[in-house]
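Here is the structure we will look at, set down as structure tokens.
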There are 2 protein chains.
Amino acid sequence: MPLTRSATMADVARLAGVSVSTVSRTLSGTRAVDPAMQRKVTEAAEQLGYQVNLVGRALRQTRTSTVGLVVPDLENPYFSALAQQLSRAFSDPGIDLLVFSADGSLETEARGVRSFLGRQVDALVLIPVHEQLSEASVSAAAAAVHTIQLDRQVAGTAASYVGVSNRAGMRLVHEHVSSVVDLSAQPVVYVGAKPDSSSAHERLDGIRRWFSPETPTLLGDFSAAWGREAAARILADGWTGATIITAADVIALGVLAHLLHQGRSVPAEFRVIGFDGIGAAALAHPSLTTVRQPVEKMARSIRSLIDSDDKPSSHWFKPDLVLGATSPASRM
Amino acid sequence: MPLTRSATMADVARLAGVSVSTVSRTLSGTRAVDPAMQRKVTEAAEQLGYQVNLVGRALRQTRTSTVGLVVPDLENPYFSALAQQLSRAFSDPGIDLLVFSADGSLETEARGVRSFLGRQVDALVLIPVHEQLSEASVSAAAAAVHTIQLDRQVAGTAASYVGVSNRAGMRLVHEHVSSVVDLSAQPVVYVGAKPDSSSAHERLDGIRRWFSPETPTLLGDFSAAWGREAAARILADGWTGATIITAADVIALGVLAHLLHQGRSVPAEFRVIGFDGIGAAALAHPSLTTVRQPVEKMARSIRSLIDSDDKPSSHWFKPDLVLGATSPASRM
DNA sequence: CTGTTAGCGCATTCAT
DNA sequence: ATGAATGCGCTAACAG
């Protein structure tokens with residue numbers, strides 16, 4: 001409900017009795033301006049409630065001082081943590097981070113990318129929905145603008161990548177589990193996600209690599225609902241004890257909730273291991289043992305990648321293990 | 001890393017041997033164009049990989065088909081649920097929802113609002129950080145564009161409001177608690193948030209209104225860390241049992257985690273009640289009794305408010321109670 | 001240090 | 001149905 005057409009630089013210039021250039025120079029501070037005129041301009045702008053029109057500026061400069069972030073889903077706490085940390089990495093004025101949710105859909109993801117490209121963002125950060133099917137979106141982005149894939153990647157695109165070494169994460173899990181559980185006596189089950197995303201893919205690979213190749217595996221999606229369902233299946237199959245390793249904390253929380261609601265004990269009968277290190281892992285009871293990703297470091301790394309726009313490059317960070325109470329503290 | 005300057009309508013027109021007007025009309029479909037030319041234009045656009053420049057379009061049309069959302073913090077699961085549901089409400093192509101996180105800061109919130117206004121968004125949705133101190137931002141927004149406050153409001157601004165009746169929510173809590181707990185024998189403690197936001201304010205009012213005015217009250221912020229700290233204080237004060245009502249699920253989850261880690265039993269010794277109805281409430285063990293907000297309905301309501309831009313109006317939704325296991329199922 | 005001029009890319013007149 | 005011309009608001013290049 002704009003009460004009136006909003007003021008432009010021409011309006012300010014007229015009121016201040018100067019040229020639009022002087023208004024522009026005064027307000028954007030790009031060049032020295034006589035203090036007397038400066039005052040006149042500032043007052044006129046104040047009086048008219050002038051606000052710069054960034055669309056005009058962007059068209060002229062062919063830059064927008066904007067970075068776009070496309071996430072698959074904001075309700076997934078790991079993605080919202082990434083979005084929040086990235087926002088924080090852009091907290092100094094100068095560049096605005098804008099977030100678009102793909103709502104789990106490839107079409108919506110494509111729309112988000114098109115939208116940001118059309119808006120002429122200076123860089124685009126993308127958590128691809130799918131390891132193969134997001135290829136068109138990632139390539140389109142990379143062809144137009146500095147593009148960084150976060151957490152997940154589509155292979156073979158001209159985009160940078162920032163993420164964690166998922167296989168190393170699973171190695172940490174193996175080290176820990178094998179030191180506190182007798183793997184020859186206690187079965188391991190992996191509750192993962194279908195390898196539609198590189199992270200799901202790599203975590204599954206990690207399991208196959210570090211644990212026995214015959215490790216039973218249940219694959220679904222990155223959700224607590226899937227964790228509950230998987231736990232239900234495990235119980236229905238007659239398991240009375242196991243070490244359940246999951247592909248994500250949200251899955252682990254679903255598994256844990258179901259086990260506890262069914263009266264099973266953790267970690268005595270079942271052990272549960274998460275991945276990501278979201279805040280909710282520490283809130284569970286028992287608290288969740290999980291692989292923590294250095295989200296803050298990753299966000300800062302993206303920031304510096306964008307500031308110095310070099311050629312595409314890949315950055316793998318090392319995760320660390322957070323010991324919780326869903327795994328035993330010492331050899332059982 | 002744009003390999004080359006990207007193609008403009010002039011480039012497409014040249015290649016197709018037509019005027020830019022024809023290109024514009026063909027690609028935006030605003031007017032009838034001869035099928036033969038249409039084909040030529042489409043082919044040329046395809047060949048050049050033409051992508052419309054929305055900045056140019058926006059400057060010309062003085063509209064952007066964009067709605068901005070400014071949230072205080074994306075890591076708060078209630079806000080990210082709102083952001084996600086609102087994204088979904090704008091899932092049909094036509095209007096893009098862009099999200100900006102204020103990172104809990106009034107300055108950053110102001111920057112987000114200025115940024116969206118400068119980008120000429122068609123409407124702005126705002127979850128104000130502070131009940132009084134966000135006044136400047138809300139007013140600036142409302143003066144320039146159709147503005148809707150969500151979940152929290154600054155009183156006396158020319159902006160619409162969509163939220164839940166917090167007092168009614170606390171009334172539901174009172175009804176439930178008084179029916180399953182003997183309030184004359186079992187103390188009630190409120191773990192709330194400082195009344196810096198209208199929601200915190202109204203929930204505290206609700207407690208004072210429906211429960212005894214002498215109800216002990218601990219006020220902090222909307223975080224799990226605060227919930228843990230409050231629970232620690234309650235135990236340190238020597239309480240051995242109480243019904244703990246909280247201002248938010250995240251607080252309740254922190255309270256619950258601390259109580260359980262300290263070996264207290266819920267709901268036998270302590271009862272815990274949340275507010276918001278986020279997904280994690282159902283994952284807790286015991287599952288959290290909470291007041292659920294109709295987030296999806298609220299998001300749709302905002303969408304229709306924006307589509308039909310009438311005068312500012314307020315919309316209070318009715319919450320409902322979700323029974324969990326942190327409160328007894330029947331009279332204790 | 002200031003003003004004049006031009007043009008970023010597009011949609012929309014106004015002519016034809 | 002098409003093309004030529006105009007201008008959205010701004011900054012940068014150029015003269016002075």
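Lettering of chains follows the sequences in order, A, B, ..., and the numbering in each one begins at 1.
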query: Atom CD of Q120(A) to atom C1' of dC10(C): distance rounded to whole Å?
result: 12 Å

statement: Sorted by chain and residue number, the ring-ring contact (aromatic ring centres under 6.0 Å, His included) partners of Y161(A) (sequence neighbours excluded) come out as W316(A)

Value in whole Å for how far the C1' atom of dG3(C) lies from CG of D34(A): 14 Å

- prompt: Between P128(A) and Q149(A), is any pair of side-chain heavy atoms under 4.5 Å apart?
  reply: yes

- request: Using a strict cut-off of less than 4.0 Å between a Lys/Arg side-chain nitrogen and an Asp/Glu carboxylate oxygen, indicate whether E107(A) and R111(A) qualify as a salt bridge.
  value: no

- prompt: Can you find a heavy atom in the side chain of L124(B) that is under 4.5 Å from one in the side chain of L117(B)?
  reply: yes

- request: Between protein and nucleotides 8-16 of chain D, map the contacts as a letter string: B base, S sugar-phosphate only, - none, heavy atoms under 4.0 Å, written 5' to 3'.
  value: BBBBBB---

query: Do E131(B) and R152(B) come within less than 4.5 Å of each other through their side chains, counting heavy atoms only?
result: no

